[in-house]
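Each chain gets a letter, A, B and so on, in the order the sequences are listed, and its residues count up from 1. Values in this document were obtained by computation on a predicted structure and should not be read as measured data.
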Amino acid sequence: MRHGRYRFLAGAMIPPLLLYGVFVLSPYAQAFYLAFTDWNGLSGQANLVGLENFGKLWSDPLFLAALRHNGLMLLVVPLVTIGLALFFAAMLGTGEKRRAASAYRIVYFFPQLLSVAIIAVLWQFVYTPNSGLLNGLLSGIGLPGLRRSWLAEPDLAIWAVMATMIWAAVGFYVVLFSAAMESIPADVLEAALLDGAGRMTTFRRITLPLVWDSVQVAWIYLGVAALDGFALVQIMTVGPGGPDNSTEVMGLSLYRNAFTYGKFGYASAMGVALFFLTLTLAVLLLRVSRRERVELS
Amino acid sequence: MTRVTNGVLHAVLALWAALVTLPLLWAVVSSLKTDEEIFDSPWSVPSKLHFENWGRAWQEAQIGRYLFNTLIVVGGALVLVMLLGSLVAYCLARYEFPGNRVIYYTLIAGMLFPVFLALVPLFFVVNRMGLLGTYHGLILVYAAYALPFTVFFLHGFFRTLPTAVAEAAFIDGASHAGVFWRVMLPMARPGLISVGIFNFLGLWNQYLLPVVLNPDPDRYVLSQGLAALAVSQGYRSDWSGLFAGLIIAIMPVLLAYVLFQRQIRAGLTAGAVK
């Protein structure tokens, strides 16, 4: 009965693992090696240069600017997104109007379906100075004084990009948190209500601890997304990289160094730095956000 | 709760709904206006519906061609990754063999690494194989990067399937492959649908990989084509054509969502929580 077991396993596993090895594993492994070389792609010759590339990173003003901007995104985007999403999910959960809630969830989810390139192009036009939606809106509601060229002013551009990120992300987390909140048994919330707990107290003491796992997941996802920002910045902001490099992000620095300047070794070093940042971030977030796990038995 | 706070809360919810839909509606309306109308009064309704913008975007701006490219690449990658992913997940979940755990964790590790790290070497791997800017090259790379999540998701699924049915099939003389194809795969259908939806959206929305690996404008996928269009139409100031292209690109996914929204949201949240 068990004959042919290994033949089946080999036939089933070797092609996918080969694919994975060639296109995923080997590039990741090579990146760590290339990061220590001066490879420019042309000479075909890659010389080991030790830590030189990493040293250069710390004196590269563009990379440091990128680091700062990704850092700012890391702070603002997850915080605002999770805050808004938790608020909306909680509002939708206190359901006198279940039908309305499900309609809201359907609509909120829309941006999740749009490719990041589409979102970038769309919002570029929302921000367009003369014929854009935002300035048109400001004039329309009698606040023409607030009109700006949103993506052309160094102080504003990064905030305009972050607003787009948040706009695109909130809906997914509303749905995610809603699903988590729905799994809280109604009698737990009723008991709290009977004990005289208010809306805020119930949310803080009961709902939030019970959906904390989802919040943690969201935190990591959004953190990783905030370390990216490549497509939005590349498509939306001039340069690309924004006026005075005010929206430069690490992904863009890496891309430009590799595929515009041919500094493949240096770009790989950026990739490695990005990897360790992501890793550190994930570990930190998991530690900081660790709470006593609440379980319903 | 008082009626007033209730009203305020509803207003806030409605406000976000408006924020989400407004840019999309605006794009639809703009795609039906003339360039002058877009320029002079971004807020107004078109005087006349200019559907010819859509035709122009489809033909001249090549949205039709980008859509075709995207369908080939995403369709191919989706079939490939579902096939390979379910095979690997099934083997890892249902068979004990040396190296099982190592393979599983090596695959899972692929989800944790940022794609940016692989970008430079990946470009040269694909280049050396002569696959740069080809459909099959993109299909292979897309499938490879979607593999870890697919295996991760389906692994849990295959584990929970009952063994009794499979054993009965073995006793009836089915081969290993036969059990997989005719018994286990059909039983795993709900899981396959969820992960299939997730993969479809992920692959459809790819931007970084094609930007690096697909330099030939004739082979551009939709996201690439639109980004390029935003630049070139900007010079030619054919805004209405660009908006029309945008709407054509948004439409298929939005339509699919309206039809299957329950499964899509269920699939996506299940994937995120696990």
Kindly say whether [Y] contributes a backbone atom to a donor-acceptor pair with the side chain of [X] at under 3.5 angstrom?
| X | Y | answer |
| --- | --- | --- |
| A/Tyr20 | B/Leu107 | yes |
| A/Asn257 | A/Ser253 | yes |
| A/Asn40 | A/Lys263 | no |
| B/Asn205 | B/Leu201 | yes |

Under 4.5 Å, counting heavy-atom pairs only, tell me which of [options] racks up the most with chain B.
| options | value |
| --- | --- |
| A/Phe32, A/Phe230, A/Phe125 | A/Phe125 |
| A/Pro15, A/Gly171, A/Ala267, A/Gly132 | A/Gly132 |
| A/Ala258, A/Gly136, A/Ala29 | A/Gly136 |
| A/Leu254, A/Leu9, A/Val126, A/Leu25 | A/Leu9 |
| A/Ile106, A/Leu34, A/Val224, A/Thr128 | A/Ile106 |
| A/Ile220, A/Leu17, A/Val170 | A/Val170 |

Against chain B, label [X] side chain, backbone, both or neither, depending on which of its atoms sit under 4.5 Å from a heavy atom there.
| X | value |
| --- | --- |
| A/Leu19 | both |
| A/Leu227 | neither |
| A/Leu279 | neither |

For chain A, the option from [options] that forms the most heavy-atom pairs under 4.5 Å:
| options | result |
| --- | --- |
| B/Pro23, B/Gly202, B/Ala249 | B/Pro23 |
| B/Ala109, B/Gly85, B/Pro148 | B/Pro148 |
| B/Leu222, B/Val151, B/Leu80, B/Val253 | B/Val253 |
| B/Leu117, B/Leu87, B/Val120 | B/Leu117 |
| B/Pro114, B/Gly245, B/Ala143 | B/Pro114 |

[atom1]-[atom2] distance between [X] and [Y], expressed to the nearest 0.5 angstrom:
| X | Y | atom1 | atom2 | result |
| --- | --- | --- | --- | --- |
| B/Met129 | B/Phe124 | CE | CZ | 15.5 Å |
| A/Leu176 | A/Phe172 | CG | CZ | 5.5 Å |
| A/Gln30 | A/Thr37 | CD | OG1 | 10.5 Å |

Toward chain A, the part of [X] with a non-hydrogen atom under 4.5 Å:
| X | value |
| --- | --- |
| B/Val88 | both |
| B/Leu131 | side chain |
| B/Trp16 | both |
| B/Leu83 | neither |
| B/Ser30 | neither |
| B/Tyr207 | side chain |
| B/Leu140 | both |
| B/Ser175 | neither |
| B/Val12 | both |
| B/Ala256 | neither |

Open item on the list: Is it the case that over 12 heavy atoms from other parts of the model lie below 6.0 angstrom from the CZ atom of B/Phe97?
Closed with: yes

Tabulate below the donor-acceptor pairs under 3.5 Å that side-chain atoms of residues 113-121 of chain A make, not counting sequence neighbours, or state none.
residue, atom, partner, partner atom, Å
A/Ser115, OG, A/Ala117, N, 3.0
A/Ser115, OG, A/Ile118, N, 3.4

Flag the pair [X] / [Y] as yes when their ring centroid distance falls below 6.0 Å, and as no otherwise.
| X | Y | result |
| --- | --- | --- |
| A/Phe110 | B/Tyr257 | yes |
| A/Phe275 | B/Phe116 | no |
| B/Tyr145 | A/Phe23 | no |

Task: side chain to side chain contact (heavy atoms under 4.5 Å, CB included) against B/Gln224, all qualifying residues, sequence neighbours excluded - done: B/Pro210, B/Val211, B/Asn214, B/Tyr220, B/Val221

Open item on the list: In terms of relative ring orientation, are A/Phe8 and B/Tyr95 parallel, tilted or perpendicular, with 30° and 60° separating the classes?
Closed with: tilted

